[in-house]
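Just follow the structure's listing: the first ligand is 1, and inside any ligand the first atom is 1. Just the heavy atoms: all of them, side chains too, but no hydrogens, waters or symmetry mates, feed the values below.
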Amino acid sequence: MRKKLVVGNWKMHGSRAANAALLSGLKEQGPWSAEVAVCVPFPYLAETALALTGQAVLLGAQDCSAFEQGAYTGEVSSAMLADLGCRYVIVGHSERRAYHHESDQLVADKAKAALAHGVTPIVCVGETLAEREAGQTETVVKRQLAAVIHTLTHCIGEIVLAYEPVWAIGTGLTASPEQAQSVHAVLRTQLHAATQKSDAMRILYGGSVKPDNAAQLFAQADIDGGLIGGAALKAADFAVICRAAN
Ligand code: PEP
């Protein structure tokens with residue numbers, strides 16, 4: 001039985017005051033029986049770690065460097081994330097693939113760097129609208145995952161995978177539970193061929209998950225929780241989504 005996981009991706013939102021209000025709202029609403037984490041902007045990691053002390057909500061970051069350390073101005077290493085108490089790091093979010101031209105191989109290298117420091121990578125895969133309409137959904141997500149499987153080899157069972165159709169992120173369009181489940185099943189089959197741990201691995205769905213659609217999505221056999229953007233910025237909405245994953 002896989003424990004459901006709900007992860008809030010705050011993206012580039014927040015301020016010290018707004019974060020404090022959001023975190024105290026979460027404290028009032030929790031705890032939940034699902035595992036819950038928030039991935040916050042780098043500057044707020046240390047303060048958020050303190051605010052989460054004694055709470056069941058875990059800390060995560062939104063990206064990490066593929067490199068260990070050195071002359072990489074502006075980069076943040078996974079060792080630093082581990083040092084700050086991060087349990088998770090998102091890698092390969094479609095916004096980074098699109099705006100920062102991150103390749104499948106770079107995403108895989110970031111996942112490897114994270115695992116090397118005990119930080120669990122949440123590896124995002126997903127197709128664009130044009131790719132879906134061209135019937136390429138499976139080909140695209142399998143190619144993205146294959147790079148990670150090839151790079152991590154026997155460690156692949158340690159990652160969390162997130163299926164995030166690009167056309168559903170921040171658009172208000174959501175994959176139907178059936179559409180999402182069918183891609184999740186494809187991904188689990190691919191993981192199954194790579195590791196004996198595939199049945200224990202969590203595959204999250206992300207893309208306009210809201211309080212009113214979360215329960216139906218999370219009820220699907222291969223959907224093990226969600227990666228939540230916009231709705232993670234309101235404590236009450238995020239709490240409903242976390243409860244839907246109970
Ligand atoms: C995301 O940022 O990963 C995401 C799924 O965003 P939203 O929930 O806003 O679509």
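- Polar contact with ligand 1: absent for G207 (N/O pair, distance under 3.5 Å).
- In terms of polar-atom proximity, defined here as any N/O pair under 3.5 Å, K11 does make such a contact with ligand 1.
- For the pair G229 and ligand 1, the shortest N or O to N or O distance falls below 3.5 Å.
- One finds a salt bridge joining D224 and R188 here, because a Lys/Arg side-chain nitrogen approaches an Asp/Glu carboxylate oxygen to under 4.0 Å.
- If you number the atoms of ligand 1 from 1 as listed, the ones under 4.0 Å from a heavy atom of A168 come out as 10 (O).
- Contacts of N9 with ligand 1, taken as heavy-atom pairs under 4.0 Å, involve the side chain alone.
- Checked against a 3.5 angstrom limit, the closest N/O atoms of G170 and ligand 1 fall inside it.
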Does the pair R16 and E47 meet the rule for a salt bridge (charged side-chain N to carboxylate O under 4.0 Å, His left out), with working shown? CA-CA 8 Å; R16 296 179 71 192; E47 203 164 51; 2.6 Å; yes
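- Any N or O atom pair closer than 3.5 Å counts here, and E164 shares at least one such pair with ligand 1.
- The protein heavy atom nearest to atom 9 (O) of ligand 1 is G230 N, 2.9 Å.
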Go through it in stages, so that I can follow the logic: the residues are I228 and D237, the test is side chain to side chain contact (heavy atoms under 4.5 Å, CB included), and I'd like the CA-CA distance, side-chain angles, deciding distance and then a yes or no. CA-CA 10 Å; I228 318 300; D237 286 358; over 6 Å; no
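- Between R143 and T139, every side-chain heavy-atom pair lies at or beyond the 4.5 Å cut-off.
- Between H184 and Y205, the ring-plane angle classifies as tilted under the 30° and 60° cut-offs.
- Under a 4.0 Å criterion applied to the non-hydrogen atoms of S208, ligand 1 contributes the atoms 7 (P), 8 (O), 10 (O).
- Salt bridge status for K3 with E35: absent, with no side-chain N to carboxylate O gap under 4.0 Å.
- At least one heavy atom of H93 lies less than 4.0 angstrom from ligand 1.
- Considering backbone and side-chain N/O of T171, none are found under 3.5 Å from N/O of ligand 1.
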